[in-house]
Protein chains: 2
Amino acid sequence: MADSAGALAPQWDSGGSNRAADRAYRFIREGILASRWPPGAHLREQELAELTGVSRTPVREALRRLSADGLLQLVPNLGAKVNAWTIQDLDEIFGLRATLESQVAGLAASRAEPQHLAELGALCDAMEAVVGDGGAVDFSRITPLNDRFHGLLIDIAGDRRLGQMIRQVVEMPLVLRTFARYSRRDLARSMNHHREIVEALTARDGEWASSVMRAHVRAGRAVFTVPKTE
Amino acid sequence: MADSAGALAPQWDSGGSNRAADRAYRFIREGILASRWPPGAHLREQELAELTGVSRTPVREALRRLSADGLLQLVPNLGAKVNAWTIQDLDEIFGLRATLESQVAGLAASRAEPQHLAELGALCDAMEAVVGDGGAVDFSRITPLNDRFHGLLIDIAGDRRLGQMIRQVVEMPLVLRTFARYSRRDLARSMNHHREIVEALTARDGEWASSVMRAHVRAGRAVFTVPKTE
DNA sequence: TAATGCGTCATTGTATACAACGCAACCCGT
DNA sequence: ACGGGTTGCGTTGTATACAATGACGCATTA
């Protein structure tokens, strides 16, 4: 799910600093996302400390944060396990996303200003350019654009906590991006959704924007169940 | 806000253990909720360690958790400040609650079973008994009942993540429970909301339940702005 | 006098040593 | 052979010592 309804990587600065704890956080997080450790794997603090080049103290802090992110499961006196995702988890997560992101779209409709609409439109152009290139779709170029699109919507909506919640929910199943893939049809539909959302915002129609966004997310959910058609 | 739309204290076991970090967590949390430290106050790790009777290590862990809860604001190299709540914060938080809890009510409507409805009804009875006593309302007796009511709804809905999100959102402004108070009219309305939600669940009408819950939360928000009428 | 640079101190961040806990293997008794 | 207790080891939890960072005050200078 390198595309829209599935991506939305957190771009906030949590862990952007140069503290040892932040380095450990980034390192472990990247490792999990790259499936360096399979779901269910037990992470030992000492080992992580050596790998990261810091002591156990910042590693412990990183583990707590990753647990809060939902990437790990922490059991007292037993340590950290890489989280494994069930069907029910996916349903719950995408259900939450549908609720929250459609809310964002609705809010954004009543607050979007011309420059916002212009940037959203430009992002659509850029994404369509990548998809329409003819050859194999370069997901690594779509993902940041898509993240920016959804992030910008959150900014426009102007509800910090709502945005924070969404980022938290999206963070959880980030691992799965590697596995699932959008077919070309899925991608085309996603692009259309984006366009339609911008249109709805231009028309200042919150219900419209909200509905399309809900569809957008639920379509994203379906990619995990329905086989890739292409 | 000892009542329904404002309470819903987290009853999960986060911090229930006997580890030093958990004791520190509980201690500091209680202190903040009891206004032992005013909003904006700078909490020093050493001082907290001495007060709690543990070392700085578990105190640091507790501070990180409290920051994730939203009770503290953490700045790298500068430490922790007790969070101060603005009008915008309240609007955002109650907005989220309205969205999430109404979702829960809707889900619960399609999943509630007779024994659930019975327990919800019993909780309504108990709360009304406390309120209708005639004398001054004993908030300390309403709060746990109300928490149980909302918590049971979450259980019935059967969406763990949704419940987790709600608990997280409710946790944030928990400090304010001390300040705001429901008038007798507000309380009466709250009780009516509860009853109506149970009715909607009995009728298996998710839209109905969801709407009442949304009203319930927004009425709770208003208590913070409109002066107590009594 | 006001602005700037430096030094000191309080406070946070990190490393390391030690304690407590849990699991597993083993021994012993029945 | 099987069950219960026990010991040993690996891992997590906690305390403490040390390093690094930022804030405040003072002195120096234009």
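Chain A is the first sequence line, chain B the second, and so forth, proteins listed ahead of strands; every chain is numbered from 1.
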Exercise for the section: Not counting sequence neighbours, which residues clear side-chain hydrogen bond (donor to acceptor under 3.5 Å, both in side chains) with B:Asn83? List them please. Expected result: none
Handout entry: Backbone of B:Gln46 reached by a side-chain donor or acceptor of B:Arg56 within 3.5 Å
Key = no
Exercise for the section: Flag the pair B:Arg65 and B:Asp22 as a salt bridge only when some basic side-chain nitrogen lies within less than 4.0 angstrom of an acidic carboxylate oxygen. Expected result: yes
Exercise for the section: Determine whether the side chains of B:Thr86 and B:Asp89 contain a donor N or O and an acceptor N or O closer than 3.5 Å. Expected result: yes
Problem - Least distance between heavy atoms, A:Leu63 atom then A:Ala80 atom - result: CD2-CB, 4.3 Å
Which atoms of nucleotides 6-16 of chain D (N or O only) lie under 3.5 Å from a protein N or O atom, and what are those distances?
unit_1, atom_1, unit_2, atom_2, d
D:dT12, OP1, A:His42, NE2, 3.4
D:dT12, OP1, A:Leu43, O, 3.3
D:dT12, OP2, A:Glu45, N, 3.2
D:dT12, O3', A:Asn77, N, 3.4
D:dG13, OP1, A:Asn77, N, 3.1
D:dG13, OP1, B:Arg19, NH1, 3.1
D:dG13, OP2, A:Arg60, NH1, 2.6
D:dG13, OP2, A:Arg60, NH2, 3.1
D:dG13, OP2, A:Arg64, NH2, 3.0
D:dG13, N7, A:Arg56, NH2, 2.9
D:dG13, O6, A:Arg56, NH1, 3.1
D:dT14, OP1, B:Ala20, N, 2.4
D:dA15, OP2, B:Ser55, N, 2.7
D:dA15, OP2, B:Ser55, OG, 2.9
D:dA15, N7, B:Thr57, OG1, 2.8
D:dT16, O4, B:Thr57, OG1, 3.2

